[in-house]
Every structure is written in structure tokens, then in C-alpha cells.
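Numbered from 1 within each chain, the chains take letters A, B, ... in sequence-line order.
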Amino acid sequence: MGDSELLAHLLGLLAEGEITRENAELLAAAGGLRRALGEVTSPPKHARRPLQVGGEETSRTFWTRGGLVYENRPLGGAGRFRPAAGSEEGAGMGEETRTGEGGAAAPSNFIKEIVQADVAAGKHGGRVHTRFPPEPNGYLHIGHAKSICLNFGLAEELGGRCNLRMDDTNPVKEEQEYIDAIVEDVRWLGFSWGDRLFYASDYFGQLYDWAVQLIRAGKAYVDDLSAEEIRQYRGTLTEPGRESPYRDRTAEENLALFERMRAGEFPDGSRVLRAKIDMASGNLNLRDPVMYRILHAAHPRTGDAWCIYPMYDWAHGQSDSLEGITHSICTLEFEDHRPLYDWFVRELGIFAPRQIEFARLNLTYTVMSKRRLLQLVKEGPVAGWDDPRMPTLSGLRRRGYTPAAVRDFCTRIGVAKRDSTVDLALLEHCVRDDLNRTAPRRMAVLRPLKVVIENYPEGRTEELEAVNNPEDPGAGTRKVPFSRVLYIEQEDFREDAPPKYFRLTPGREVRLRYAYFVKCTGVVKDAEGRVAEVRCTYDPATLGGNAPDGRKVKATIHWVSAEHAVPAEVRLYDRLFRSENPGAGEDFLSDLNPGSLEVLGDCRLEPALAGALPGDRVQFERLGYFCCDADARPGAPVFNRTVTLKDQWSKIEGGRKG
RNA sequence: UGGGGCGUAGACAAGCGGUAAGUCACCGGAUUUUGAUUCCGGCAAUCGGAGGUUCGAAUCCUCCCGCCCCAGCCA
């Protein structure tokens with residue numbers, strides 16, 4: 001192309017409105033004119049070329065894309081580039097696009113992109129259908145929440161459906177209790193599966209028929225090898241396996257044997273049905289995987305109807321197929337199984353879902369494997385699956401976590417294929433964030449220290465007004481009784497105050513929240529010399545918490561009127577493990593945090609808390625968020641600490657000590 | 001030594017050939033009747049390493065290094 005042709009082309013683009021006059025001029029002026037215009041003619045995939053504008057000290061760079069010319073320049077945070085001035089695209093691109101309206105849309109991830117691409121390509125008629133398929137052999141944990149949010153969230157967002165399916169193919173491990181707990185937990189998280197609660201066991205009959213089909217096609221056989229022999233024949237990671245001597249039985253023979261397996265004629269472990277694939281495959285899953293094993297065990301749903309049970313690989317893909325699942329999302333360790341998943345579906349000639357794998361969640365300071373969680377429950381360091389220190393959904397619920405906080409956490413951690421361990425601090429941030437907006441504030445003294453206000457009349461009580469939630473004016477106010485004898489937190493008084501300590505100390509004035517300024521005049525000690533009582537005077541002019549003369553105090557502390565206080569038990573929970581990765585050593589139990597639970601039996605709550613119901617969540621001012629436990633009885637509240645408030649002072653003091 | 005994956009700040013994570021988003025954590029500073037919240041500011045000369053392709057590479061190619069998963073008749 002000569003220069004004149006290029007010019008003609010440029011003018012053509014200009015005429016068609018593909019580029020602006022200004023851009024055309026820039027192009028013409030640019031040193032790389034020839035090459036750039038060449039690209040504009042038919043922009044190949046990776047062919048954006050910058051044009052250095054000669055002579056300008058700012059050295060502005062431009063590049064072309066789809067016939068448009070863009071200028072490369074920083075946008076101060078919002079976006080990195082914008083179309084060059086005057087470009088038609090200018091109106092539609094730039095900062096607006098990034099910010100979008102409506103605020104926080106669910107972030108995208110590689111799975112969503114795959115699904116969206118499939119929808120755009122018209123696969124399955126643009127249908128999206130996912131499923132969450134737990135095995136009912138334990139309680140759901142926060143890692144499952146990631147999967148639940150992914151599967152149900154994707155369906156919701158893309159106008160599809162998501163099934164809940166119990167992957168109940170191994171009766172020796174599964175229990176109805178777990179099924180019930182799973183249903184409750186998914187519902188609690190806020191997702192619904194309509195009438196689509198399924199069980200892999202629903203498909204036992206179909207699976208059996210399909211197995212017969214494979215046997216007839218010569219693709220499956222009954223193997224008499226023992227478990228040990230099968231293992232030996234399988235070979236190793238680096239050596240190919242050997243074919244079983246029973247591999248070439250006739251279809252008739254296999255059919256007869258398989259029927260007898262089903263009829264219960266053989267003992268457990270004596271025979272299996274195997275798929276006939278490739279004993280030399282580098283992928284061990286393809287070395288004639290077992291499809292059925294003999295298990296004379298009662299199944300929670302099918303009872304004694306079966307004594308042969310399908311293996312995961314034989315059941316899962318076919319269940320997905322039967323339910324019309326378009327995208328079968330699972331964790332990374334199943335990546336190796338995908339070829340087998342695809343093989344079964346292909347050999348059967350049935351609807352083929354697409355399996356996509358993502359990295360499972362790991363969280364610092366806890367363990368996530370069901371094996372270890374079970375061990376914690378069985379061996380007793382924890383009170384049960386719903387112990388508030390457990391990462392189970394039932395544990396988090398009892399701890400006081402909200403479904404919204406868990407969901408928020410799941411969207412913030414993202415979805416990728418990288419093995420990662422998320423900082424517990426992020427989960428805690430999510431609850432604080434939610435509870436800060438929604439939890440009513442109350443005053444509670446966990447470790448009481450008696451305070452007597454010497455100049456306050458005995459027998460007098462005032463009802464002071466306190467705001468329920470400064471973040472939510474709609475939450476209104478409540479009355480809190482004030483009287484001569486109060487309790488404050490032991491840590492809010494120090495006879496010898498260290499530097500930076502703003503709280504009560506002899507001679508210092510502080511504010512009692514929503515009440516008065518009080519000044520410490522002295523202490524009363526017990527026989528051992530410990531401070532048993534703090535003496536104060538109050539300034540009546542500071543009612544409500546402000547001094548008419550404008551004087552300030554450095555601290556505001558919470559309190560409870562002794563006479564009106566409600567005694568309560570409060571359970572302080574902390575991380576279950578002392579190390580970030582308790583799984584590092586094999587003996588994860590040795591990493592248990594001995595201080596993961598502290599029970600305080602002598603707490604005093606403001607009267608508004610007397611009628612707290614299990615599940616009620618509140619903020620104890622200055623202390624943290626707490627949730628009324630199911631152990632609470634009328635007149636005897638029990639609270640669990642969900643999470644502390646962020647605490648600058650503990651850092652200052654901790655730093656001084658360290 | 002086989003097969004399958006993954007390597008971007010302390011922790012997650014965008015990025016999909018145009019010159020390193022965001023969040024948490026952390027560190028300031030402002031406001032504050034929660035040492036909370038909120039706000040504002042700081043925090044990666046560089047994407048595991050080395051070569052190569054290209055005007056231009058975290059993005060493409062090659063080799064190397066590291067980590068994870070697989071030898072259940074578990075899921």
C-alpha cells in the first residue's frame with residue numbers, strides 16, 4: 001500500500017465515522033503512519049500498534065483498535081486509558097464504564113465467564129443449570145458456603161436454576177442427621193432450590209440400567225480380584241497397570257455376574273464392576289475405575305433395597321446429566337476425574353454437562369477437612385458440630401455470624417484455581433461490617449468492678465436515654481437506669497495508669513456513656529490489697545454526657561446500674577487454633593488454642609437485655625458483637641462473643657508489653 | 001521418573017499484547033459521647049526465574065524453579 005492509498009483509506013474511515021478528524025490527523029502526522037494504517041485495514045488479533053507522536057516532549061502514545069485510535073494516558077485511578085479526544089467511543093467508555101450504576105455488582109470470575117460464553121454461544125439453548133452436591137457425611141462448613149454461593153449465585157444472576165443434591169452413594173458414611181443439617185444450613189444462607197432437592201440415590205435404578213448397557217457394549221466387566229490385588233494391578237504413578245485376568249469375560253458372563261452381585265449372592269469386597277478403559281493411562285482414574293462395589297449396608301434412604309452401590313465417578317456425572325445440569329462445578333482435586341466424567345457420559349450417549357473446577361477455600365487458624373472436623377467433634381476439644389469455634393455453618397450461626405456476612409465473605413474472596421488461604425481477618429471484617437449496621441447497641445459489663453458515686457443520692461434512679469444504633473437512626477432509643485452504685489469494666493480502671501491510658505484512674509474525670517462525667521476520688525481495697533471498689537463523684541451539670549462549660553474528657557466508658565443489672569453468662573470465643581495453618585504438622589490437635597473459650601459467669605447486663613432470645617445479635621458497646629445462645633433461660637441470658645470490636649488500645653498496650 | 005493443575009504486594013484477587021484495579025491487613029491523619037464506625041492519605045520501579053518474539057509482554061513462545069492433587073471397593 002502506498003501513501004496515497006493509505007490516505008484514501010484514512011479518508012474512508014473518516015467518512016464512515018470510524019475515526020474522527022482529529023484522530024485522522026494524528027495518524028497522518030504520526031511517524032508510524034504506514035504500519036498503523038495497515039493494521040486498521042484489518043485488525044488482526046494481537047495487532048494494536050502505538051503511534052509515537054514525534055517531537056512532543058510528552059511523548060503521547062496512541063494505538064488503534066477496531067478502526068479507532070486511542071490515546072494511552074493515565075486517568076488518575078479511575079481508568080487507565082480513554083479513547084483519544086474526539087473519538088466516537090469517547091462517550092461510551094472511560095470512567096463511567098468502570099463505576100457502573102447501582103454500585104457493588106458481583107465480581108466476575110473465570111467460571112462466570114465460561115458460563116456466560118456458553119450462554120452467548122447458545123449452548124443448551126442458553127440455559128444455565130447448576131447444582132450443589134454435598135455428601136451427607138458431615139456438617140457444611142464455610143468452604144461449602146463458597147461453593148453454595150458460587151452455584152446458587154451463578155444461577156440467580158444468569159437467570160438459571162440450581163439444584164440441591166445429596167451425593168449419597170456411600171451408606172456406611174452417610175446419615176439422615178447430616179441431610180437435615182445440610183438442608184437447614186443452605187436455607188439459612190439464604191438460597192432456595194424450589195422443589196429440586198434430589199438424591200443420587202434417586203438414580204440407583206437408572207444407574208444400574210446404564211451399567212448393564214455398558215456391559216452389553218463390552219465397556220464394563222465384573223472383576224473378581226480382591227481390593228488388594230486391584231491395587232497391585234493398578235500400577236503406580238510412574239508405571240502402567242496390568243489388565244485383570246477377568247477383564248475379557250463375555251458380556252453374558254458379566255451380565256449374569258452383575259445380576260448376582262445385585263441379588264446379594266456375594267459377600268462385600270468379593271467382586272466389583274469396572275469400566276474397561278485403559279490400564280496404561282497416565283491418569284490413574286482411567287485405569288479401569290471401579291463403578292460398583294458390594295456393600296451389604298442399609299442406606300438412609302433406600303434402606304436394604306440395594307447391596308451394590310455406585311462409586312462417585314459412576315454416579316456423579318450421570319446424576320448431573322439426568323438433572324440437565326449444564327455446568328457441574330467442583331473443586332480442583334476432581335480435575336483428574338474430568339476425563340472419566342466425560343468418558344461415561346459419552347459412552348452412554350446422554351446429555352453432557354460441563355465440569356469446571358475451582359480452588360477450595362482454606363482459612364487461617366482453622367481446619368476445613370471433614371475428617372478433621374469430625375475428629376474435633378469426636379475427640380472432644382469442641383462441644384459439637386455447632387460449637388461456636390467451628391468453621392461449620394451451624395457453628396458460625398451459633399457464634400452470631402449472619403448469612404449476609406458469610407455471603408459477603410464468599411463474594412469478596414473470589415473464585416480462582418490457585419490454592420490459597422484466606423485471612424480470618426477478612427471473615428471477621430465481614431461480620432463486623434454487617435453487624436455494625438444492624439446490631440442494636442447495649443451496655444454490658446463482663447468483669448464487674450463496683451463504682452460508688454459518693455455525691456449521688458441513695459435510692460435515686462434516673463432513666464437515661466440511650467441510642468440503639470448510631471448507624472441506624474430508625475433503630476430509636478431506649479431507657480437505661482442510672483443509680484448510685486454501678487459496675488464498670490475492671491479494665492476501665494487502673495490505679496496506676498500507664499501513659500496513653502485514657503480511662504478511669506484516681507483524680508481523672510471520664511464520661512459514663514449517656515450519663516454523667518465522673519471523677520475518681522479514691523479506691524477501697526480488700527484484705528489482699530486488691531481494688532474492691534472505686535469511689536467517684538459526678539457532675540450533675542453533665543447529664544447526658546456533655547459539660548456546659550465545654551470541658552472535655554478523653555474517655556467514655558460503659559456501665560451498668562448495680563441494682564438493675566441482669567446477671568448473665570458470657571462466653572468469649574477466640575480462634576480455635578493458635579497457628580495459622582494447623583494442618584502443617586500432622587498433629588493438628590497440638591496446635592489447639594487453649595484460650596479459645598473463656599466462660600465469664602458473673603457478667604452484668606443492662607435491663608433491656610433481660611428478655612434476649614436465642615439468636616439475638618447485639619453489640620456490647622466497646623466490647624464486640626454478641627449473640628444470645630440457645631442455652632439462655634428466662635432471666636438467665638447467655639451470650640456468645642461473635643467477634644471483638646477493632647481495638648487500637650490493645651495494640652498500643654500490647655506493643656508496650658512486647 | 002507418569003498424569004493433571006497453579007505461581008501478581010503480608011492475605012485474597014483483577015488483568016485476556018499497550019505500559020500493575022479493588023478488598024482485607026498494616027501505617028499515618030481528621031471527625032467521634034464506642035480507643036468502634038466514617039472520612040482522607042500512605043503501602044508492588046513490577047508480575048517465580050532466565051531467555052526469546054514484538055515498537056511494546058504479567059499477558060505469546062522456550063527452558064528452568066517452586067507449590068498442590070492423583071496409586072479408596074471415599075467423595
Side-chain angles (χ1 to χ4, degrees), chain A residues 32 35 45-52 61 63 65 70 72 74 77 79-81 98 107-109 113 133-135 137 167 169-170 172-173 223 226-227 230-231 234-241 268-269 271-272 274 281-287 290 292-295 309 311-313 315-316 332-339 357 359 364 370 412-430 432-433 436-437 441 467 470-471 500 502-503 511-515 544-546 553-558 619-624 645-652:
Chain A
R35 197 155 27 175
K45 183 115 170 70
H46 304 297
R48 289 177 230 161
R49 304 253 163 183
L51 303 178
Q52 210 74 35
T61 44
W63 73 91
R65 181 182 218 166
Y70 292 89
N72 168 6
R80 278 168 299 162
F81 307 101
R98 299 182 80 83
S108 195
N109 59 63
E113 285 177 9
E135 180 190 15
N137 67 342
D167 217 348
T169 57
N170 185 357
V172 317
K173 286 192 173 178
D223 196 345
S226 68
I230 286 184
R231 190 169 64 75
R234 184 154 33 227
T236 68
L237 294 179
T238 52
E239 301 158 18
D268 288 5
R271 276 174 239 260
V272 292
R274 294 229 251 169
S281 173
N283 182 344
L284 299 247
N285 293 117
L286 264 19
R287 321 245 260 227
V290 172
Y292 274 101
R293 75 287 217 177
I294 301 173
L295 242 35
Y309 290 94
M311 298 288 291
Y312 164 85
D313 287 302
H316 204 93
L332 252 28
E333 66 270 27
F334 292 104
E335 235 156 358
D336 286 346
H337 294 242
R338 188 174 356 113
E357 312 84 9
T364 55
K370 275 190 191 168
R412 284 173 186 252
I413 59 178
V415 178
K417 298 191 71 163
R418 192 178 326 172
D419 286 310
S420 59
T421 302
V422 177
D423 196 336
L424 217 215
L426 181 59
L427 216 211
E428 295 184 335
H429 171 265
C430 292
R432 288 195 186 103
D433 194 41
N436 175 49
R437 288 189 301 261
R441 270 100 242 238
V467 171
E471 305 294 320
K500 297 280 201 67
F502 303 151
R503 283 109 100 149
R511 172 165 40 229
L512 293 177
R513 178 138 235 226
Y514 298 124
N546 282 309
V553 289
K554 295 273 274 185
T556 299
I557 64 178
H558 61 278
Q619 181 196 97
F620 287 171
E621 294 229 23
R622 303 208 306 129
L623 298 174
L645 254 29
K646 289 225 279 189
D647 183 2
Q648 201 61 38
W649 167 242
S650 72
K651 278 180 196 160
I652 296 170

K.L.:
For A:Glu621, which residues count as a salt bridge (Lys or Arg N to Asp or Glu O under 4.0 Å) partner, sequence neighbours excluded?
P.N.:
A:Arg513

K.L.:
Who pairs with A:Glu113 by side chain to side chain contact (heavy atoms under 4.5 Å, CB included), at least two apart in sequence or on another chain?
P.N.:
A:Ser108

K.L.:
Under 4.0 angstrom, heavy atoms only, what part of the nucleic acid is A:Glu113 near: base, sugar-phosphate, or nothing?
P.N.:
base

K.L.:
NA contact type, A:Pro240, heavy-atom cut-off 4.0 Å: base, sugar-phosphate, or nothing?
P.N.:
nothing

K.L.:
Using the side chain to side chain contact (heavy atoms under 4.5 Å, CB included) criterion, which residues pair with A:Thr421? Sequence neighbours excluded.
P.N.:
A:Asn362, A:Thr364

K.L.:
For A:Arg437, check salt bridge (Lys or Arg N to Asp or Glu O under 4.0 Å) against everything at least two apart and list the hits.
P.N.:
A:Asp433, A:Asp434

K.L.:
Quantified in whole Å, what is the P atom distance between nucleotide B:rC26 and nucleotide B:rA11?
P.N.:
15 Å

K.L.:
Between the protein and nucleotides 25-29 of chain B, are there any N/O to N/O pairs under 3.5 Å, and if so, what are the atom names and distances?
P.N.:
unit_1, atom_1, unit_2, atom_2, d
B:rC26, OP1, A:Lys651, NZ, 2.7

K.L.:
Measure the shortest side-chain to side-chain distance between A:Asn170 and A:Asn137 over non-hydrogen atoms and say whether it is less than 4.5 angstrom.
P.N.:
no

K.L.:
Roughly how many Å apart are B:rU38 and B:rU23, using the P atom of each and rounding to a whole number?
P.N.:
12 Å

K.L.:
Mind checking the P distance from B:rU54 to B:rA13? Whole angstroms is fine.
P.N.:
35 Å

K.L.:
Rounding to an integer number of angstrom, what distance separates B:rU53 and B:rU62 when you compare their P atoms?
P.N.:
15 Å

K.L.:
Under 4.0 Å between a side-chain N/O of A:Arg441 and OP1 or OP2 of B:rU34, yes or no?
P.N.:
no

K.L.:
Pick base, sugar-phosphate or nothing for A:Arg338, based on heavy-atom distances below 4.0 Å to the nucleic acid.
P.N.:
nothing

K.L.:
Could you tell me which residues satisfy side chain to side chain contact (heavy atoms under 4.5 Å, CB included) with A:Ala555, sequence neighbours excluded, listed by chain and number?
P.N.:
A:Phe502, A:Arg503, A:Val510

K.L.:
What distance, rounded to whole Å, do you find between the two C1' atoms, one in B:rG17 and one in B:rC61?
P.N.:
13 Å

K.L.:
Without decimals, in angstroms, what is the distance between A:Asp647 CG and B:rA36 C1'?
P.N.:
9 Å

K.L.:
Compare side-chain N and O positions of A:Ser420 against OP1 and OP2 of B:rA13 and report whether any pair is under 4.0 Å apart.
P.N.:
yes

K.L.:
Roughly how many Å apart are B:rG22 and B:rA14, using the C1' atom of each and rounding to a whole number?
P.N.:
7 Å

K.L.:
The criterion is ring pair (Phe, Tyr, Trp, His ring centres under 6.0 Å); which residues satisfy it with A:His337, sequence neighbours excluded?
P.N.:
A:Phe334

K.L.:
Run the salt bridge (Lys or Arg N to Asp or Glu O under 4.0 Å) test against A:Arg287 and tell me which residues pass, sequence neighbours left out.
P.N.:
none

K.L.:
With heavy atoms under 4.0 Å as the rule, sort A:Leu645 into base, sugar-phosphate or nothing.
P.N.:
base

K.L.:
Could you check whether A:Lys417 pairs with A:Glu335 (Lys NZ or Arg NE/NH1/NH2 to Asp/Glu carboxylate O, under 4.0 Å)?
P.N.:
yes

K.L.:
Under 4.0 Å between any heavy atoms, over every strand shown, what does A:Arg513 touch: base, sugar-phosphate, or nothing? Just pick one.
P.N.:
base

K.L.:
Using salt bridge (Lys or Arg N to Asp or Glu O under 4.0 Å) as the criterion, list what pairs up with A:Arg622, not counting sequence neighbours.
P.N.:
A:Asp492

K.L.:
Which of these nucleotides, B:rU34, B:rC12, B:rC6, is closest to any side-chain atom of A:Gln619?
P.N.:
B:rU34

K.L.:
What residues form a side chain to side chain contact (heavy atoms under 4.5 Å, CB included) with A:Pro240, not counting sequence neighbours?
P.N.:
A:Ala280

K.L.:
Roughly how many Å apart are B:rU59 and B:rG15, using the P atom of each and rounding to a whole number?
P.N.:
15 Å

K.L.:
When the nearest nucleotide of RNA chain B is assigned to A:Gly545 and to A:Thr364 on a heavy-atom basis, which residue is associated with the more 5' position?
P.N.:
A:Thr364

K.L.:
Could you tell me whether the side chain of A:Leu623 reaches within less than 4.5 Å of the side chain of A:His558, counting heavy atoms only?
P.N.:
yes

K.L.:
May I ask you to test the A:His429-A:Arg412 pair for a side-chain heavy-atom distance under 4.5 Å?
P.N.:
yes

K.L.:
Treat primed atoms plus P, OP1 and OP2 as sugar-phosphate and everything else as base, then score nucleotides 69-75 of chain B 5' to 3': B for base contact with protein heavy atoms under 4.0 Å, S for sugar-phosphate contact only, - for none.
P.N.:
BBBSBBB

K.L.:
Please report the distance separating the C1' of B:rA20 from the corresponding atom of B:rC64, rounded so that it comes out in whole Å.
P.N.:
25 Å

K.L.:
For RNA chain B, please output the secondary structure as dot-bracket, reading 5' to 3'. Pairs are Watson-Crick or G-U wobble, both atom distances under 3.5 Å; mark crossing pairs with [ ], other-strand partners with |, unpaired with a dot.
P.N.:
.(((((((.[[[..)..(...]]].(((((.......))))).....[[[[[..)....]]]]])))))).....

